[in-house]
Amino acid sequence: MRSIRGGMGIGDAIYLAAVVRHMVASGERLEVCTAWPEVFAAYAARIELSPFRRSPIDILAHYSRRRNWRTRQFEDVCIQAGIKGPVDLRLDWEITDPGLARRLLEPGLPVVLVQMPRAPMGRTDGIGHELLPDCRRLQEVISALRGRALIVQVGAGRPLFHFSGIDVDLRDQTTVSQLIDAASVASGMLGYVSFIVPLAEALLKPALLVWSRRGLRSSTGFVRQITPAKILERASSLHVVDNCSTDELSAATERFLDAIRLPR
């Protein structure tokens, strides 16, 4: 049995789960070292879960050593793990809290998950702070969706911007499994570069992401390399930069509306 790990974040765990899904499908048994065991529930019978550790491990499924390559981030994860050929970025999931799912679906509106604005990468030291976009642009999209979708905020910690028009605020109120439950019944997701990207893409949900102009122009090399071309895996993940025009944001919102089949 070989051991495998990814990075420390929940988004890293979602990437890792797709790699594990691919490898166990070919009959391999793995020791998965993770801080987020709930993410691997669908594969629990075919793997051994261990607490996250950096070493010793046999397989590193992380993108950090390939930041400068002209490949996509999930592709980097797979290449670093030694996998040849395509891997489907997919998270298998069964609802763990039917009550929560019913609560979100009961109004009969499409559910849109919105990510609470927080310190990027969960850091409090200011590194990567430029990745957080101008959240007023996210607010514009929320306002455009108001009344046509159930707007559900998710996330944990101290919000750096307070959205108006939130219908259900699940901030600091979900387990990891409940977060994925909410995502699995959502019609689409709205946010910025963070765990919301792999969460949406692995559950095959359309997303609208607002990128930070400051991040794209950052003096910090690895922050500047976090571009839509590097991060986004699926065509269903739409993006704009936060200094886009009102017309550009409106057009992106319209495409998002089409993707989640909301009436205009």
Side-chain angles (χ1 to χ4, degrees), residues 9-11 14 104 109-174 176 178-180 182-183 186-201 205-220 222-224 226-228 231-232 237-257 260 262:
I10 187 172
I14 293 170
L104 298 181
L109 294 170
V111 175
V112 173
L113 240 58
V114 178
Q115 185 185 358
M116 180 199 77
R118 62 173 176 83
M121 301 183 288
R123 301 185 69 137
T124 58
D125 58 6
I127 295 177
H129 66 278
E130 308 105 314
L131 290 171
L132 185 67
D134 180 347
C135 293
R136 292 174 298 181
R137 309 315 303 273
L138 289 163
Q139 180 64 65
E140 290 180 55
V141 180
I142 291 171
S143 297
L145 298 176
R146 188 82 175 114
R148 292 185 285 181
L150 189 76
I151 311 298
V152 180
Q153 179 171 249
V154 295
R158 182 177 68 89
L160 300 181
F161 184 94
H162 293 273
F163 292 128
S164 64
I166 298 297
D167 296 306
V168 179
D169 192 353
L170 295 180
R171 176 174 63 89
D172 289 330
Q173 296 186 41
T174 65
V176 172
Q178 289 171 323
L179 167 66
I180 304 175
S187 295
M189 304 189 203
L190 173 66
Y192 53 94
V193 60
S194 61
F195 74 85
I196 206 83
V197 177
L199 182 62
E201 295 193 325
K205 305 290 183 175
L208 176 54
L209 295 316
V210 178
W211 235 263
S212 166
R213 175 189 59 84
R214 292 191 307 138
L216 295 171
R217 298 179 180 179
S218 173
S219 60
T220 304
F222 86 89
V223 173
R224 193 169 58 250
I226 300 175
T227 66
I231 303 300
L232 302 182
S237 295
L238 309 172
H239 77 275
V240 293
V241 181
D242 61 4
N243 66 338
C244 68
S245 69
T246 299
D247 287 346
E248 288 172 320
L249 184 60
S250 295
T253 303
E254 291 296 312
R255 293 197 299 273
F256 184 61
L257 289 171
I260 63 177
L262 271 182

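Quick caveat: nothing in here was measured; it's all calculated off a predicted structure.
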Apply side chain to side chain contact (heavy atoms under 4.5 Å, CB included) to residues Leu208 and Val141 and explain how you reach the verdict.
CA-CA 9 Å; Leu208 176 54; Val141 180; 3.9 Å; yes
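- Just one of Leu232, Val193, Ile231 meets the side-chain contact (heavy atoms from CB on, under 4.5 Å) condition when paired with Leu209; it is Leu232.
- Here the straight-line distance linking atom OG1 of Thr220 with atom CD1 of Ile226 works out to 10.0 Å at 0.5 Å rounding.
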As a quick check of understanding, evaluate side chain to side chain contact (heavy atoms under 4.5 Å, CB included) for Leu257 and Leu145, giving each step before the final call.
CA-CA 8 Å; Leu257 289 171; Leu145 298 176; 3.4 Å; yes
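- Under a 3.5 Å cut-off, the side chain of Lys205 and the backbone N or O of Met189 do not form any donor-acceptor pair.
- The two atoms that bring Arg214 and His129 nearest to each other are NH2-O, 3.7 Å, heavy atoms only.
- In this model, a donor atom of one side chain and an acceptor atom of the other lie less than 3.5 Å apart for Gln139 and Ser143.
- Considering CD of Glu130 and CG of Leu216, their distance stands at 10.5 Å, rounded to 0.5 Å.
- Interatomic distance, Arg148 CZ to Ile260 CD1, rounded to the nearest 0.5 Å: 9.0 Å.
- Shortest non-hydrogen contact noted between Leu238 and Phe256 is CD1-N, 3.6 Å.
- No side-chain heavy atom of Val168 sits less than 4.5 Å from a side-chain heavy atom of Gln153.
- Taking both residues in full, the closest heavy atoms of Pro198 and Gly11 are given as CG-CA, 3.7 Å, listed atom of the first, atom of the second, then distance.
- Atoms CG and CG, on Leu150 and Asp167 in that order, are 5.0 Å from each other to the nearest 0.5 Å.
- Taking 4.5 Å as the limit, some side-chain heavy atom of Phe163 sits within range of a side-chain heavy atom of Pro117.
- Every residue meeting the side-chain contact (heavy atoms from CB on, under 4.5 Å) condition with Asp242, not counting sequence neighbours, appears here in chain and number order: Pro133, Asp134, Arg137, Val210, Ser212, Arg213.
- Residues Gln115 and Phe195 are in side-chain contact: their nearest non-hydrogen atoms beyond the backbone lie under 4.5 Å apart.
- The minimum heavy-atom distance between Ser187 and Pro206, with the atom names listed, is O-CD, 3.3 Å.
- Residues Ala156 and Asp172 share a closest heavy-atom pair of CA-OD1, 3.1 Å.
- Atoms CZ and CZ, from Arg171 and Arg118 in turn, are 13.5 Å apart once rounded to the nearest 0.5 Å.
- Between Pro120 and Leu131 the shortest heavy-atom distance is CB-CB, 3.9 Å.
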Using the side chain to side chain contact (heavy atoms under 4.5 Å, CB included) rule, take Ile142 and Leu190 through it: C-alpha gap first, then chi angles, then the decisive distance, then the call.
CA-CA 9 Å; Ile142 291 171; Leu190 173 66; 3.7 Å; yes
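- Rounding to the nearest 0.5 angstrom, the gap separating the CD1 atom in Ile180 from the OG1 atom in Thr174 is 9.5 Å.
- Open room surrounds CZ on Arg136; 12 or fewer heavy atoms of other groups in view lie less than 6.0 Å from it.
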Show your reasoning for whether side chain to side chain contact (heavy atoms under 4.5 Å, CB included) applies to Val114 and Leu138.
CA-CA 9 Å; Val114 178; Leu138 289 163; 6.0 Å; no
